Peer 1: 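Here it is, the structure, as structure tokens.
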Amino acid sequence: MYHVAMTKAQQLSKIFYEFSAWHEMNSVAFKPRAYQIVSESVAALGDEVEAVWRKGGVKGLKELPGVGQATADAIDEFLRTGHIKEYEQLKKKFPVDIWGLSQIEGIGPKHIMELYQHLKVKTVDDLKRVLKSEKIKDLPRWGLKSQEKLSKQLLMMEASSGRQLLGYVLPSANKIVDELSKINGVTRCTYAGSLRRKQETVGDIDLIATSKHPEKIMDAFVKLPQVESILVKGKTKTSVRLKIGIDADLRVVPDEVYGATLQYFTGDKKHNVMLRELALSKGYTLNEYGLFKVRKSSVASDATSPLTRRLKNSPLAKGGRGDLVACKTEEEIYKKLGLDTPPPELRVGGDEIDAARKHKLPKLLPYGSVKGDLQTQTTWSDGANSIEEMAKAAKAHGLSYMAATDHTKSLAFIHGLDEKRLAQQGKEIDGLNKKLKGFTLLKSTECDIHKDGSLDLSDTALAKLDWVGISIHSNFKLSRAEQTKRLIKAMSNKYVDCVFHPTCRLIGKREPIELDMDEIFAAAKKYNVAMEVNCFPERSDLRDIHVRAAIKAGVKLVINTDAHAT
DNA sequence: GCCGTTTTCGGCCCGACTGTTTTCAGTCG
């Protein structure tokens with residue numbers, strides 16, 4: 001397993017998470033959520049936090065959703081000095097690895113507080129030692145079962161790999177949906193959550209099924225061959241650990257409420273909280289069973305009466321929460337709230353609800369829009385298939401053109417092409433273009449960018465190509481100024497059409513190189529150079545934030561697979 | 001601590017499951 005040092009954004013996210021948990025431990029109202037939101041915002045932005053801060057300072061930070069004066073000051077202090085005074089004080093008062101312990105499923109702030117107060121547990125290792133001494137079961141409100149469950153969780157955590165890449169989880173999820181759909185009694189089945197939102201990485205697989213006999217579905221679900229162990233099993237909600245190392249949650253509901261459940265479990269959490277707050281302000285309440293008109297008389301008694309609480313637990317019982325207004329489709333729920341329906345990919349709890357209200361949601365490119373592929377590798381360098389095989393596979397996927405963009409000579413260890421072999425490859429492509437009907441192969445390259453910004457192929461060689469992509473494969477650690485200058489110099493070459501995987505990040509393995517993206521996009525516009533959205537799962541480069549910025553700057557984008565095999 | 005086409009002050013999302021309890025706190029998503 002690769003170990004990567006924490007980035008500044010990750011450190012900040014962790015700090016705010018610990019502040020949040022600390023307030024939770026002390027039963028402080030509302031602050032936990034405020035800090036939690038900042039923790040998540042910062043994590044989602046990644047190194048963009050620093051870019052925002054560099055450009056706009058504290059004022060710029062305060063523009064970020066959920067970030068106010070106090071948290072903006074804290075971020076500013078951290079980025080200026082490398083630490084936050086208030087956080088250091090917290091650590092002195094409570095020297096516990098809150099974040100580390102929180103990674104254990106079932107351990108939250110209150111438990112962390114108890115474990116420290118009664119057993120002096122500060123770290124995950126401390127917890128392992130204490131577990132061996134079997135003292136945990138004697139804590140108030142703990143018992144043998146909680147102790148055993150905790151031991152099991154710790155073992156499972158060591159075996160788990162955390163979040164996984166979308167492109168690699170999706171096929172497994174599709175297979176499970178197929179198998180669940182075949183179970184007798186299942187009306188509809190689909191995946192929701194981060195998978196449906198098509199996030200770069202997913203932490204678990206959220207599944208929804210509709211049926212009149214939920215218990216039967218649960219019994220069948222836990223017996224699927226993909227299941228390694230059962231974490232939670234109830235009538236309508238079950239969680240399992242899959243053999244591929246991540247969890248899958250299944251919710252079974254009546255078919256009539258499919259839309260509400262789909263909406264609820266697509267999330268993300270922030271989007272849903274914003275939506276439920278909006279619902280409240282309009283006199284509704286929203287849950288996974290539908291949108292309900294709140295009855296004024298029932299609100300006051302709700303919190304206290306056990307009977308009302310039980311009614312709430314069977315929300316379909318008429319009169320539990322109010323009168324049902326919408327539940328069949330997502331669209332009718334959003335419409336009742338005065339909103340257009342945002343595509344799942346946009347439901348991130350940012351500005352999409354505002355845009356939905358103003359009918360200004362951006363139109364996403366529909367799946368199936370891509371007509372060609374302008375980055376692929378073949379056996380000429382490090383690909384697994386010949387140009388002809390790749391071309392035929394591309395055609396079979398409905399594409400009408402493809403560029404064979406093999407690496408260049410600097411990457412000698414994977415047989416990068418020099419000018420002579422590039423010319424030979426050109427002849428092969430001429431031959432194939434005569435042979436292939438309704439499909440065009442482009443002569444091209446993924447030309448390496450040297451440390452000084454010069455290119456790996458001569459201008460005379462580049463001039464003969466249909467499509468020139470350039471990319472960085474070495475010297476990832478240059479300073480922001482040097483790296484930006486290097487890339488812009490390369491982009492200024494008049495034969496260059498596109499920058500491939502501009503930030504060079506590998507999700508979970510390598511941080512992006514340091515670039516001033518504003519300057520890069522300005523140069524892209526000036527030299528009419530496109531930027532790539534590389535869809536290799538661990539790259540996804542440019543990423544979401546940069547794509548938005550590039551579009552805003554008027555820069556052309558190209559979506560490629562960077563496929564190394566058919 | 002944050003936020004505002006009902007508010008710059010007074011609000012702040014919702015329900016399932018578990019374990020240890022006899023009515024609920026804690027955790028999770």
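Predicted, not measured: the structure shown is a model, and the values here were computed from it. Just so it is clear: chains get the letters A, B, ... in the order the sequence lines come, proteins before strands, and each one is counted from 1.
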Peer 1: Contact class for A:I107 (heavy atom, under 4.0 Å): base, sugar-phosphate, or nothing?
Peer 2: sugar-phosphate
Peer 1: State which residues pass salt bridge (charged side-chain N to carboxylate O under 4.0 Å, His left out) with A:D354; sequence neighbours excluded, sorted by chain then number.
Peer 2: A:R357, A:K358
Peer 1: Under the side chain to side chain donor-acceptor pair (under 3.5 Å) test, which residues partner A:D206, sequence neighbours left out?
Peer 2: none
Peer 1: If you take any heavy atom closer than 4.0 Å to DNA chain B, which residues from residues 73-100 of chain A end up in contact?
Peer 2: none
Peer 1: Can you tell which of B:dG19, B:dC14, B:dC28 lies closest to the side chain of A:R141?
Peer 2: B:dG19
Peer 1: Using the side-chain heavy atoms of A:R276, tell me which of these nucleotides is nearest: B:dC14, B:dG1, B:dG26.
Peer 2: B:dC14
Peer 1: Using whole Å, report how far NZ of A:K31 lies from P of B:dC3.
Peer 2: 15 Å
Peer 1: Closer than 4.0 angstrom, basic N to acidic O: yes or no for A:E277 and A:R33?
Peer 2: yes
Peer 1: Please report the distance separating the C1' of B:dC13 from the corresponding atom of B:dG29, rounded so that it comes out in whole Å.
Peer 2: 12 Å
Peer 1: Among the nucleotides B:dC13, B:dG1, B:dT27, which one has an atom lying closest to any side-chain atom of A:V273?
Peer 2: B:dC13
Peer 1: With sequence neighbours left out, write down each residue that passes salt bridge (charged side-chain N to carboxylate O under 4.0 Å, His left out) with A:E105, or none if nothing qualifies.
Peer 2: none
Peer 1: Can you tell me how far C1' in B:dT8 sits from the matching atom in B:dC12, rounded to whole Å?
Peer 2: 16 Å
Peer 1: Where along residues 37-54 of chain A does a heavy atom come under 4.0 Å from DNA chain B, residue by residue in number order?
Peer 2: none
Peer 1: Look at all strands and tell whether A:I104 reaches a base, only sugar-phosphate, or nothing, counting heavy atoms closer than 4.0 Å.
Peer 2: sugar-phosphate
Peer 1: Can you tell me whether the side chain of A:Y264 and the base of B:dG29 have a donor-acceptor pair closer than 3.5 Å?
Peer 2: yes
Peer 1: Which nucleotide, B:dG15, B:dC2, B:dG26, lies nearest any side-chain atom of A:E288?
Peer 2: B:dG15
Peer 1: A:V232 near the nucleic acid: base, sugar-phosphate alone, or nothing, with a heavy-atom cut-off under 4.0 Å?
Peer 2: sugar-phosphate
Peer 1: Between A:Y17 (OH) and B:dC28 (C1'), how many Å, whole number?
Peer 2: 10 Å
Peer 1: Run the salt-bridge test on A:D255 and A:R188 with the 4.0 Å N-O cut-off and return the result as yes or no.
Peer 2: yes
Peer 1: State the pairing partner of B:dG11; accept Watson-Crick or G-U wobble contacts with both distances under 3.5 Å, and report none otherwise.
Peer 2: B:dC2
Peer 1: Once side chain to side chain contact (heavy atoms under 4.5 Å, CB included) is applied, do any residues pair with A:A248, and if so which ones, sequence neighbours excluded?
Peer 2: A:I205, A:L207, A:F221, A:V240, A:L242
Peer 1: Please identify each residue that fulfils salt bridge (charged side-chain N to carboxylate O under 4.0 Å, His left out) with A:D76, with sequence neighbours left out.
Peer 2: A:R80
Peer 1: Among B:dG1, B:dA16, B:dG19, which nucleotide has an atom closest to any side-chain atom of A:T236?
Peer 2: B:dA16
Peer 1: Checking understanding here: a glycosidic angle within 90° of 0 is syn, the rest anti, so what is B:dT7?
Peer 2: syn
Peer 1: Could A:R54 and A:E50 be called an ion pair, given the rule that one side-chain N must be under 4.0 Å from one carboxylate O?
Peer 2: yes
Peer 1: What is the nucleic acid contact for A:H23, judged by heavy atoms within less than 4.0 Å: base, sugar-phosphate only, or nothing?
Peer 2: nothing
Peer 1: Assuming nearest nucleotide by heavy-atom distance, tell me which of A:E114 and A:K269 is located more 5' along DNA chain B.
Peer 2: A:E114
Peer 1: Is the phosphate of B:dA16, meaning OP1 or OP2, less than 4.0 Å from a side-chain N or O of A:Y289?
Peer 2: yes
Peer 1: Using a cut-off of 4.0 Å on non-hydrogen atoms, how would the nucleic acid contact of A:L144 be classed: base, sugar-phosphate, or nothing?
Peer 2: sugar-phosphate
Peer 1: Considering only side-chain heavy atoms of A:T285, which listed nucleotide, B:dC14, B:dG15, B:dG29, is closest?
Peer 2: B:dC14
Peer 1: What residues, two or more places apart in sequence or in another chain, satisfy salt bridge (charged side-chain N to carboxylate O under 4.0 Å, His left out) together with A:K55?
Peer 2: A:D518
Peer 1: More 5' along DNA chain B: A:D247 or A:G66, using each one's nearest nucleotide?
Peer 2: A:G66
Peer 1: With salt bridge (Lys or Arg N to Asp or Glu O under 4.0 Å) as the rule and sequence neighbours excluded, what pairs involving residues 210-235 of chain A come up?
Peer 2: A:D219-A:K233
Peer 1: Taking A:S39's backbone N and O only, do any of them form a donor-acceptor pair with A:S13's side chain (distance below 3.5 Å, no angle check)?
Peer 2: yes
Peer 1: Any chance you could list the contact pattern along nucleotides 6-12 of chain B? Use B for base contacts, S for sugar-phosphate-only contacts and - for none, protein heavy atoms under 4.0 Å, 5' to 3'.
Peer 2: B-----B
Peer 1: By the salt bridge (Lys or Arg N to Asp or Glu O under 4.0 Å) test, which pairs, at least two apart or in different chains, include something from residues 84-93 of chain A?
Peer 2: A:E18-A:K91
Peer 1: Assign A:R251 to base, sugar-phosphate, or nothing according to its heavy-atom contacts below 4.0 angstrom with the strands shown.
Peer 2: sugar-phosphate
Peer 1: When you measure from the side chain of A:K149, which nucleotide among B:dG26, B:dT20, B:dT18 comes out closest?
Peer 2: B:dT18
Peer 1: Among all residues two or more places apart in sequence or in another chain, which pass the side chain to side chain contact (heavy atoms under 4.5 Å, CB included) test with A:R129?
Peer 2: A:D126
Peer 1: Counting side-chain heavy atoms from C-beta on, which of B:dG29, B:dT18, B:dT27 comes nearest to A:D206?
Peer 2: B:dG29
